[in-house]
Structure formats: C-alpha cells, structure tokens
Amino acid sequence: MTKAYTPKEIEPKWQAKWDADGLYNSDIDESRPKHYALTMLPYPSGDLHIGHWYAMTPSDARARYMRMKGYNVLFPMGFDAFGLPAENAAIKSGIHPMVRTRDNIQRMRGQLRSMGAMFDWRREMVSCEPEYYKWTEWFFIQLYKKGLAYRKKSPVDFCPHCNTTLAREQVWGDDRHCERCNTPVIKKELSQWFLKTTQYADEMLRYEDIDWPERVKTLQTNWIGKSEGAEVYFEIDGDSIRDNSNLEAPNNEFSNIEDQITVFTTRPDTLWGATFMVFSPEHPLLEKITSPQQKAAVAAYQAQAARQSDIEREATDKEKTGVFTGAYAINPVNGAKIPIWIADYVLMSYGTGAIMAVPAHDERDFAFARKFELPIVPVIQPDGEPLLDGATMETAYSGGGLMINSGPFNGTSVNDKKGKDNPGLLAVAEWLEAKGLGKLAVTYKLRDWLVSRQRYWGAPIPMIYCEEHGWNPVPEEQLPVILPEDVAWKPTGESPLKLHPTWSKTSCPVCGGPATRETDTMDTFMCSSWYHLRYLSPWYNDGPFDEKEYNYWMPVDTYTGGIEHANMHLMYTRFFHKALRDAGITEGHEPMTQLRNQGMVLGEDNEKMSKSRGNVVAPDVLVDYYGADTVRAYLMFFARWEMGSAWDSHGIEGSARWVRRTWALFTDDVVHGSASPATLRGLRRAVHQTLKKITHDFEHFEFNTIISGLMSLLNELYKAREAGAAGSAEWQEALNIYARMMAPITPHIAEELWVNVLGKKYSVHTQPWPTVDEQAAKDEEITIPVQVNGKLRDRLTVPAEASEAEIKALALASESVQKQLEGHSPKKVIVVQKRLINIVV
RNA sequence: GGGGACGUGCUGGAAUUGGCAGACAGGCUUGACUUAGGAUCAAGUGCCGCGAGGCGUGCGGGUUCAAGUCCCGCCGUCCCCACCA
C-alpha cells in the first residue's frame, strides 16, 4: 500500500528540524573551500512575490549543490528596508514606516522559510536598523575623508507655487507639473551631496576580474559612455570677458585657462569647419558674455529651457531652437570670428557645456545652421564624390575622407575611427597640443552619484554644518546618527527632518559651537552597496564587518538577481568596493566575481504582473495547494532561467505529477523481480548519464534541463522496475543517487525519502554529491543516422566501439541506401565517429 | 538615431564542437480504471499527402558532405540609452 504524499506534513516538519539543528549555519572552516552565494535581497513591501521565488529558488538549489560538492557555502538573506515605497505606504496608511516595515519583514521571513531555502538566518541584516545604518553612515564618512563625497549645487525639480523642491515621482505628466498644485515645475539649483563615481569610470570599464554576463557589461559600458577625442581652447572675443575660472566642467577634468572656453570634440579634424559655437542655456559664462542688446532674448530662452521637461528637451526630432548671445569666439586654427549661440541641444551635464559647431559634418549643427542661416564650410571631402559645397549640401557628412580648407592639414586622410585609432585625427590633436591650442581628451556620460534625498525614510547623512567651520563629519564615536521616530513624515515637500524641532540642532565637531545637522537622507542604493559585507558578521560592533569573516568569505563567488540593476546597484556596489579598497577597508578589485541574471515571470496574460491588471500569482496559495517542493521544481523547469516566461497555471501540474510519481516510485510496495543483466546495465547507464548531465547543468545555471533530465530518468526507472529491477543493488544505487540529485531542488521530499524511506543517515543535504561512474555511463550500442546527400535514409544500431570501416560497410549495405544510390557508386562517404554517416552521390 | 537580446509545433521549451530538429513538460485526441476527478495508467500528437514520399527552426541569399547553430542582407518583437558634441 502506497503511503500518500503529504507535503503539508513533510515540509514544516523538516523545516523545523533543519532550523533546530542549525543545519544551514555557515561558519568559518579553513579545512573546506568556501563559496559565498549571494542573491539580491528583497524590499520588505509586505508580500513575497512569485518573482522573488523565481530568483531565489535556483540560487538556493545551486548553493545546496555547491554544498554537496564539498564547499563551505554561505547563503544569507536580509532586507533592503529604507526607501520611498515604505514612506509612501506609510503616508497613505498613517502607520509609521518603522512599524510597518518591521511587520512586513516578520511576515516575509515566514514566507521565505516556507521556501525551504538554506538561508543562515543568524546572519540576517535589515538596512533600516541602527546597527546597520550606523555603518552606512560610517562608510559615507570614509568616502568623505577620501575626498570622494562632496557637496555641490545641482538642479532639482522645484515648484514655484509651493516654494519647495519635489522628488522625481512627485512631478507628474508630460508638462511636468506639481502633484499638489498642478503648477509646472522648474529646475532649481540646490546643494546636494555627491559621490565621485566618475573617478572610477575607467576602472569600471575593465571586466577582466569578473565573470559577468556580456549584457550587463555592455549596459555598464554604454552607461559610462566613454568618448575619446580632443579638447580645444577658444578665445572669447569681447570686452566683458575677464576670467572664467569659476567655470567648472560638470564631471570631467578639462583644462581651465583664463579668457578661454574649452570645448570637447570627437572630431578635432573638423576644427577648420567650426563656424559658430553653441553654449548650453545653463552655461554660467553666459551672464558675462551676453551683449546688452541680447540680454533679454537670452534670458527669455533660458527661462523657457528651464521650464521644459527633460523629455521635451531631449527629443531628437524636435526642431532646433536657439538665440544669439551677441558674443563671438575666435577659431584658434584660422582666426575666424565665430558667433556664440545658446541652444537647448547642448547639455550642461556633458562635456564642457559648450560645443564648437561644425555644420558641414554634424547633423545637429547642420540643422541649426540651416535654420539660422549660419555658414557651412566643408572640411572633409569624401573619396570619389563631387566636391562638397556648403551652400547646396542637403545633409551633414560625418564620414572620413581627405581634409580640405584646413590649412596645413589639407590632403590629410581621416577615417571613421574614434580617438587615437584615427591617424589623421591624432595628428591634428598632436599639432594642437604643440601649439597650446588643445590636446587629446576623454569624456564620459557617467555622472557623479547624487545621494541626497529630501525624504525621511533613509539613513541620515552624518554631516554637520557650522557657520564658522563649514561642513564636517559627525565624529565617528557619535555614530549612529539615529533617525528620529517622532517626525512628521507626511509630505510637505521639505526634508521631514528639517521640520523636527530639535533633531538638527547639534554642536560643531571643530569648535563645539552651535551647528546644524544635514537633514537630507541617503539614497537607499547607498545601503545596498555594502549589504553583502554586513552578512559576514551582523553581530559585530567594532566595524562594519569582522575582518576574520571577510578574509574567509569574500569575495562573493556567485551573485544572482535581476538585470534591471545593471546601471544602478551593480554599478554602485562596484564603485563602493573600489573606493573602499582605496581607503584600505576592502581587498581585491571586485566585490562579486560571478554574476548571473534571471529573467522575469510574467502573468498568464503575458503582461508584467501588477495588482491593477489582476494577473499576480501568489506563491503562498501555490505552496498551500502543491507544497513548496512542487513550486520550486516548476519555477526551475518552466522557462530558461535567464529568459523568464509567462506563468502557466496548468503547467505546474506537470511538476506536481513528477513529484508525486517520484514519491510513488520510492514508496510503492513492489515485489522484487529478477531483471536481465542488460536491464540492470541499462539502468546504471541511465542513472550515471543523467548524473553527468545534471552536474554539467548545475555548473552552467541551466536549471530547466536539470528537471527534464530527472523527469526522463524517472521514466527510465519506471521502465526498469517494470522489467524487474526492483530489489537489485543497481536499483538501490539508482534510488540513492536520485534522492541526492533532487535534494537541491526539492529539499523536503528528498530528505523524507532519504531518511524515512531509504533509511539513510540524516541529512541528505550534508551528503556528498554523487560521483559519475564513467564506465557505467558509457553506451554499449549506439544508433547512427545514415544520410544520403544530407538526408536521413536509415539508422544503424552498432556496438559503440564499431570501427569506421564496419559502419561504412553496414551503411552501404543498407537497403534504403542502395535504393537511393540507384546503382551509382558513392562519390564520398563521411563518417563522423559515433555520430553520423553521410553518403554523397 | 545608437547599443543589446530574441525569433524553433497549439503553448513553455530541448538540441554540449556545424552532425537524427522538436527531448522534457503543458494542452489536445483516444482508451482503461472509477460513484466522481484538476487523481492514476496506456497509446497518439510538427505540417502536407491514402501512400511512397515531400516540406519544415521569421524571410531571402551564401559557405559546407552537412546549418536552428557560421557569414551577408532584410522583417518582426522586446529591453536599454537617447540632440552625449
């Protein structure tokens, strides 16, 4: 009589025992190689989503596999608890974010436990608890001390009616209006804290030390956006110019010389064709250079640009707009006096905020020149084309060719390549440098990381402002700067901490006089940049982590999570690690040596899951109905992990059937039979071939084929049992290996079968991964397809060790081959050992 | 506009190095067992054709004895960046 499969009993039973025994506690053990498996931590929104399960289950299965392979595995879990969603939920519900977050975490812990994952809960971290954010603050101070944190004015969205700044998500609609009073927002300069991510731009472009998906590396590379070219200095013509030493390039270290304006160009070879300049409307120098006659027009244009949304401004197909400043610059290579315009197609945040415009060879400059009737002078002549004429050109020519109208460089050949790889361009840059007119230069799209948030629910920025001594960090012995709970965290548009009657009042660390705290909080990506370090020793109080633990466990060997963080968290954490390395806090160049991304689980309607669409799949319901093991198996089976797919509520039946059939195979009362030696050899072959395949697939994160491999083997086991294999030593070996192979995937049923059915020693999860018997896995006979002219005509079953000549002879003797040959003799016979034979007629 | 990924039966997907296309599932069809079934078991299921056979991995070319896989050119879907000088 078969015992029923009852996941509702088995699963909680083993979870409780594993917990009580500390089966998943990970401690330093120098005798074993370590493996730090990390999966991205959830945001405590209140409910574990099926997407969390999809991300975490294979990560857990692989961590378990690595453990069985003999590694000492650390697989921790925690909560990324600060941030806007919690604050917004609190505003809506009136419940304090701390109360709400702690409740949510409590509920999610239970959901996470129901997965049966091997998390070491002793190492849990919660980023909104003072024991954690004390060190987030401490890290900020270390970065500040290294000169990597600085305060700068930066444009933010500002509502002129409410007289306050707005967060990005408080700005609504295409016209970008204030969520409360509907007034269109404007950009306003506000002092904010930044981290110098740009200092590591070049290093972050190097990926030699890490095994990360090409996709992520490409995304990061594009985001960093390195451009090679040259900087060129233009003198400004006019009496009003004294100095522009306050002119600061936004990110990049350009040379700053008095009475000159520096531009960046990727095409210094077109410099002779620069017939005007364009400044960004926000350019600080405009105040000085604009002629009295143009002041009003320039101011009007600036106001209009400030009002425009980024989306409007950045629309590629928008007609060019701009205003003449009344000022002129001197083209340094030919002395031409060229007008300076302002236009919103030049961005203050990239390069130097000013460009030299070469309309003949740049599409945007061309459109601008045509609209405002500015001169177009071709300086690159494409090979084999009629001579370009600025008056009649219909489009800019941006390719290579021979330089013309370019003084000493006439006749020089330039190609399409960028930077130093273009000899013509390099020659011009070197010539400029020799004359002091410019030099080779590099610029990036990457901007420094703005970490200030005018919000309550975040780690306080541990800085103090004194009238006398400016900004200074909170003395480290005073950390943490506790986030006060008695704050009106309702939306006023102001930093809530600013409204607290006493919190911001403190004393200056330098003079002891009255001073104020920074009332902005940190971006939550700051918290998540180092959480993998806190897992090492969340109990440790003398530093962010215990060095002993760091030295044993770091770096993270396998990091799993969504690709949506490619340009945020995954950049920030690399930056953080490198900056901490330079501060002597961490070691090595990268925090996570291997990264793998899972795809997304869509709703059954093939749309992104959302409450409003009503297509959300609740894991708790599934676990209740099928048990966690079935849900785990289905999540690993139903799609290629890195691709993801739409949920299919029927499809899970297949996994449920597999689990039940497995249970039945192990627990059925079967009379021992007497199988033929061939059957038993076949059984062993199937077991060891599957083991080999599954081992390979675990190594390569190919989880769906692990399950299909096990399903196939199960079918084979049923056939072998039918053939009388039950009771044999081979049968016992098969069950023994099968239970261990499924242990990482379906940990509860595997444990139950291992301990209570096979009667083996607890626990299956501390067993070694079975080893492949290569001899047993070898095929005795193989089926070789026979093709004639590439088309399948027959199949031969031959002994595995059959020689090429034997196979060839058999193939040619085949009836259907003879029929195809029609008496002709084959032109060529190709025998691919053990794979295929192709006869060419 | 730039960058990237993908395109295989009704569906999810499989196919280690260029070597039997469609493994394993879901669904569907038929049958068995059953008071009943989202249970279990058995058989079938790429398309066309009565058949021999032919066709078949988005479309069109190419390389090769052999292409889902490599090369060239299109088409489509999705993602990221987007007036980046």
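Quick note on labels: first sequence line is chain A, next is B, and so on, each numbered from 1. The figures here come from the full heavy-atom set of this structure, side chains too, leaving out hydrogens, waters and symmetry mates. What you see is a predicted model, and the numbers here were worked out from it, not measured in a lab.
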In whole angstrom, give the distance that lies between atom CG of A/Asp269 and atom P of B/A85. 14 Å
Could you check whether A/Trp647 and A/Tyr634 have their ring centres less than 6.0 Å apart? yes
If you measure from the Lys or Arg side-chain nitrogens to the Asp or Glu carboxylate oxygens, is any gap between A/Glu228 and A/Lys226 under 4.0 Å? no
Rounded distance [0.5 Å steps], OG1 in A/Thr705 versus CZ in A/Phe637: 10.0 Å
If you compare every side-chain N and O of A/Asn704 against the phosphate oxygens of B/A14 (OP1, OP2), does one of them come in below 4.0 Å? yes
Value in whole Å for how far the P atom of B/G12 lies from CG of A/Leu602: 12 Å
Who are the side chain to side chain contact (heavy atoms under 4.5 Å, CB included) partners of A/Glu607, not counting sequence neighbours? A/Asp605, A/Arg613, A/Asn615
Quick one: does NZ or CZ of A/Lys320 land under 6.0 Å from the six-membered ring centre of A/Tyr345, within 45 degrees of the ring axis? yes
Where each residue is assigned the nucleotide of RNA chain B containing its nearest heavy atom, which of A/Gly225 and A/Gly709 is assigned the position nearer the 5′ end? A/Gly709
Under 4.0 angstrom, heavy atoms only, what part of the nucleic acid is A/His700 near: base, sugar-phosphate, or nothing? nothing
For B/C75 and B/G58, measure between their C1' atoms and round to the nearest Å. 7 Å
Using only heavy-atom distances, decide whether a donor-acceptor pair under 3.5 angstrom links the side-chain of A/Lys445 to the base of B/C81. no
Indicate whether OP1 or OP2 belonging to B/G13 is found under 4.0 Å from a side-chain N or O atom of A/Ser708. no
For A/Gly644, answer base if it contacts any base atom (sugar-phosphate contacts may also be present), sugar-phosphate if it contacts only those atoms, and nothing otherwise; contact means non-hydrogen atoms under 4.0 Å. sugar-phosphate
Can you tell me how the ring of A/His361 sits relative to the ring of A/Tyr397, calling it parallel under 30°, perpendicular over 60° and tilted otherwise? perpendicular
Value in whole Å for how far the P atom of B/C81 lies from CE of A/Met571: 13 Å
Within the structure shown, what part of the strands sits under 4.0 Å from A/Arg835 by heavy-atom distance: base, sugar-phosphate, or nothing? base
Can you tell me how far C1' in B/C78 sits from the matching atom in B/A32, rounded to whole Å? 46 Å
Let's see if you can work this out: which of B/U40, B/C65, B/G38 has an atom nearest to the side-chain heavy atoms of A/Tyr626? B/G38
Can you tell me which stems involve RNA chain B, if a stem is defined as three or more consecutive Watson-Crick or G-U wobble pairs, both distances under 3.5 Å? B:1-7 with B:75-81, B:10-12 with B:24-26, B:27-32 with B:40-45, B:46-48 with B:53-55, B:58-62 with B:70-74
Partners meeting ring-ring contact (aromatic ring centres under 6.0 Å, His included) with A/Phe372 (sequence neighbours left out): A/Trp341, A/Phe368
A/Glu604 has an atom CD; how far is it from atom C1' of B/G12, in whole Å? 12 Å
What distance, rounded to whole Å, do you find between the two P atoms, one in B/G49 and one in B/A43? 28 Å
Can you tell me how far P of B/G4 sits from CE of A/Met643, to the nearest Å? 17 Å
Sticking with atom P, work out how far B/U45 lies from B/G22, rounded to a whole angstrom. 12 Å
Excluding sequence neighbours, so at least two apart, what forms salt bridge (charged side-chain N to carboxylate O under 4.0 Å, His left out) with A/Arg660? none
Decide, for B/G68, between syn and anti: a glycosidic angle within 90° of 0 counts as syn, anything else as anti. anti
Nearest of B/C83, B/G3, B/A14 to any side-chain atom of A/Arg640? B/A14
Pairwise 5' ranking along RNA chain B for A/Leu792 and A/Thr218, keeping only the more 5' one: A/Thr218
Measuring from the side chain of A/Arg660 (C-beta onward, heavy atoms only), which nucleotide among B/A85, B/A39, B/G4 has the closest atom? B/A39
Integer angstrom distance from the P of B/A21 to that of B/G54: 13 Å
At 4.0 Å (heavy atoms only), tell me whether A/Trp658 reaches a base, stays on the sugar-phosphate, or touches nothing. nothing
Can you tell me how far C1' of B/A85 sits from CZ of A/Phe368, to the nearest Å? 14 Å
In whole Å, measure the gap between the C1' atoms of B/U8 and B/A15 for me. 10 Å
How many Å lie between CD1 on A/Ile837 and C1' on B/A66, as a whole number? 13 Å
Can you give one letter per nucleotide of nucleotides 51-57 of chain B, 5' to 3': B if a protein heavy atom sits under 4.0 Å from the base, S if only from the sugar-phosphate, - if neither? --SSS--
Can you tell me how far P of B/A14 sits from CH2 of A/Trp641, to the nearest Å? 15 Å
Could you tell me which residues satisfy salt bridge (charged side-chain N to carboxylate O under 4.0 Å, His left out) with A/Glu716, sequence neighbours excluded, listed by chain and number? A/Lys719
Base, sugar-phosphate, or nothing: which does A/Ile830 touch, judged by heavy atoms less than 4.0 Å apart? base
Would you classify A/Tyr5 as touching base, sugar-phosphate or nothing, given that sugar-phosphate means primed atoms plus P, OP1 and OP2, and contacts are heavy atoms under 4.0 Å? nothing
Checking all strands, does A/Val832 fall into the base, sugar-phosphate, or nothing category for heavy-atom contacts under 4.0 angstrom? base
For A/Phe698, the ring-ring contact (aromatic ring centres under 6.0 Å, His included) test, sequence neighbours excluded, returns A/Tyr65, A/Trp769
For the C1' atoms, the ones on B/A14 and on B/C33, what distance do you get once it is rounded to whole angstrom? 33 Å
Qualifying residues under ring-ring contact (aromatic ring centres under 6.0 Å, His included), relative to A/Trp53, sequence neighbours excluded: none
Every protein N/O within reach of nucleotides 25-29 of chain B N/O, cut-off under 3.5 Å:
residue : atom : partner  : partner atom : Å
B/A25   : OP1  : A/Asn715 : ND2          : 2.9
B/G26   : OP1  : A/Arg657 : NH1          : 2.2

Those residues at least two apart in sequence (or on a different chain) that pass ring-ring contact (aromatic ring centres under 6.0 Å, His included) with A/Tyr572 are A/Trp449, A/Phe525
Expected list for residues 785-800 of chain A: side-chain donor-acceptor pairs under 3.5 angstrom, two or more places apart:
residue  : atom : partner  : partner atom : Å
A/Asn789 : OD1  : A/Val841 : N            : 3.0
A/Asp794 : OD2  : A/Ser814 : OG           : 2.7

Kindly say if A/Ser645 contacts the phosphate of B/G13, meaning a side-chain N or O under 4.0 Å from OP1 or OP2. yes
Within 45° of the six-membered ring axis of A/Trp212 and under 6.0 Å from that ring's centre, is NZ or CZ of A/Arg596 located there? no
Residues which pass salt bridge (charged side-chain N to carboxylate O under 4.0 Å, His left out) with A/Asp624, listed by chain and number, not counting sequence neighbours: A/Lys8
Can you tell me, in whole Å, how much space there is between the C1' of B/U64 and that of B/A52? 30 Å
Of B/A85, B/C20, B/C65, the nucleotide closest to the side chain of A/Asn838 is B/C65
